[in-house]
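Read the structure below first, then the notes.
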Amino acid sequence: MTQRSATARPYADRVPRIPVGPLASTVLEECRRWLVAQGYSPGSSTPVVNLLARLSVWMQEVGAGIDDIDEELLDRFVVRERSRVVVCTTVKCSWNTMRKFLTAAGYLAPAPGEVDPVTPAQVAVTTWCSWMRYECELSEQTINARRRYAGGLLEAITGADGSLDWDRLDTDVVNDYVAGRGRPYGQAARVHIVGAVRSLLRWALSTGRLDRDINAGILQPAFDRARVAERSEQRAGRCPAGRVRSCHADRGQGPRGHHRPGPPGPARR
């Protein structure tokens, strides 16, 4: 048996290579499929599955089954893991994602604070996401990004009673939202915001919520000349003009990177 060096880096207790416990095989594979559907990369989904496998091993040790999963059981599991000499990093970084899976799959009842009232705006956003998923065949990452960028547009047409007044949605409302939503971001993010808003408007038009196409009236994000000028000044401050000229002279290059010929050499015979 190979003995570990006394100076070797400590690591957390590892789970068996073959999954054991009440969550083995079926629930672990269901978690893998759920993570893929949510857009997680293989590198991001592996720690979540490993944490679920660690939970399955502990549940077998304490004699708990799938029907026993609740907040109290998870709290006991966290206490047990944090009491180890070396705490596994998945307990810290993958805990929330594992709880989301257990809740979405129906194994864990949602906490009282996680149950939000369903509003017409939330129903519309969910329907729009389904349209992007099945009609446009977009990835989950793109869907989540568009929902984050354009979902707030529906708040501008939400009435006092929570209903959506689609007749209030015109080019002025859309352009005001795009300008306000993109103010903290750069040029690339503003382009994505405009694309997300256009997708929302196309869905509303295709489903009859809008009776006219207002995509043509959406303004493109303005080119931020002030920010570009500020960056140019910062670069000039780091490298003064005299220094730039000397650098070009040392390299035998002109001010725009073109090669500047030197004095002619001896003629070849």
Side-chain angles (χ1 to χ4, degrees), residues 34-41 44-45 96-97 99-101 103-105 110-231:
W34 180 83
L35 291 170
V36 171
Q38 296 298 316
Y40 285 83
S41 64
S44 300
S45 59
N96 292 331
T97 307
R99 287 190 76 262
K100 289 180 180 178
F101 160 72
T103 303
E114 298 177 352
V115 181
D116 298 329
V118 179
T119 62
Q122 292 174 344
V123 174
V125 170
T126 303
T127 309
W128 170 44
C129 291
S130 299
W131 177 78
M132 290 189 292
R133 182 177 298 109
Y134 299 111
E135 296 294 333
C136 304
E137 297 182 353
L138 300 179
S139 65
E140 291 296 328
Q141 291 181 342
T142 302
I143 293 173
N144 293 335
R146 290 188 172 182
R147 176 178 56 188
R148 183 174 65 254
Y149 283 142
L153 177 60
L154 299 180
E155 298 179 1
I157 61 173
T158 302
D161 57 349
S163 61
L164 298 177
D165 187 3
W166 292 96
D167 295 334
R168 294 168 50 187
L169 194 61
D170 55 12
T171 55
D172 292 336
V173 174
V174 173
N175 288 327
D176 289 343
Y177 173 79
V178 170
R181 188 69 174 85
R183 187 168 293 113
Y185 298 97
Q187 182 73 12
R190 294 175 184 176
V191 173
H192 289 301
I193 292 173
V194 172
V197 170
R198 290 184 184 276
S199 173
L200 177 61
L201 296 178
R202 284 195 300 268
W203 164 78
L205 182 64
S206 65
T207 55
R209 290 171 170 83
L210 283 178
D211 57 357
R212 63 201 182 284
D213 188 5
I214 61 176
N215 267 314
I218 300 179
L219 301 177
Q220 291 294 336
F223 186 70
D224 197 345
R225 298 183 181 274
R227 182 173 297 181
V228 174
E230 181 182 354
R231 291 179 179 176

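The basis for the numbers below is simple: all heavy atoms, side chains too, and nothing from hydrogens, waters or symmetry mates. Remember, it's a predicted structure, so these values are computed and weren't measured experimentally.
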Trp128 and Trp203 aromatic ring geometry - parallel, tilted or perpendicular at 30°/60° bounds: tilted
Nearest atoms (heavy-atom pairs only) where Leu164 meets Ala124: CD1-CB, 3.9 Å
Closest non-hydrogen atom pair between Val173 and Ala156, with its separation: CG1-CB, 3.9 Å
Side chain to side chain, Glu155 and Tyr177, heavy atoms closer than 4.5 Å: no
Under 3.5 Å donor-acceptor, Arg146 side chain and Gly195 backbone: no
Spacing of CD1 belonging to Ile157 relative to CZ belonging to Arg209, to within rounding of 0.5 Å: 10.0 Å
Rounded distance (nearest 0.5 Å) linking atom SG of Cys129 with atom CE of Met132: 4.0 Å
side-chain contact (heavy atoms from CB on, under 4.5 Å) between Leu201 and Leu169, worked out: CA-CA 9 Å; Leu201 296 178; Leu169 194 61; 3.6 Å; yes
Side chains of Arg147 and Asn144, donor plus acceptor under 3.5 Å: yes
Interatomic spacing from CZ in Arg181 to CZ in Arg190 - rounded to 0.5 Å: 12.5 Å
Inter-residue atom distance Asp211.CG - Trp166.CH2, 0.5 Å rounding: 12.0 Å
Over all atoms of both residues, closest heavy-atom pair of Thr158 and Ala121: OG1-CB, 4.4 Å
Where Leu138 and Ile143 come nearest, the two heavy atoms and their spacing: O-CD1, 3.7 Å
Criterion side-chain contact (heavy atoms from CB on, under 4.5 Å) on Tyr149 and Val197, from CA distance to verdict: CA-CA 8 Å; Tyr149 283 142; Val197 170; over 6 Å; no
Arg202 backbone acceptor or donor facing Ser206 side chain under 3.5 Å: yes
Residue pair Trp131, Leu200: steps toward the side-chain contact (heavy atoms from CB on, under 4.5 Å) verdict: CA-CA 10 Å; Trp131 177 78; Leu200 177 61; over 6 Å; no
Shortest non-hydrogen separation from Leu210 to Leu205 and the atoms involved: O-CD1, 3.4 Å
Criterion side-chain contact (heavy atoms from CB on, under 4.5 Å) on Ile218 and Thr171, from CA distance to verdict: CA-CA 6 Å; Ile218 300 179; Thr171 55; 5.9 Å; no
Least distance between heavy atoms, Gln141 atom then Gly39 atom: NE2-O, 3.0 Å
Donor-acceptor contact present, side-chain Arg198 to main-chain Asn215, <3.5 Å: yes
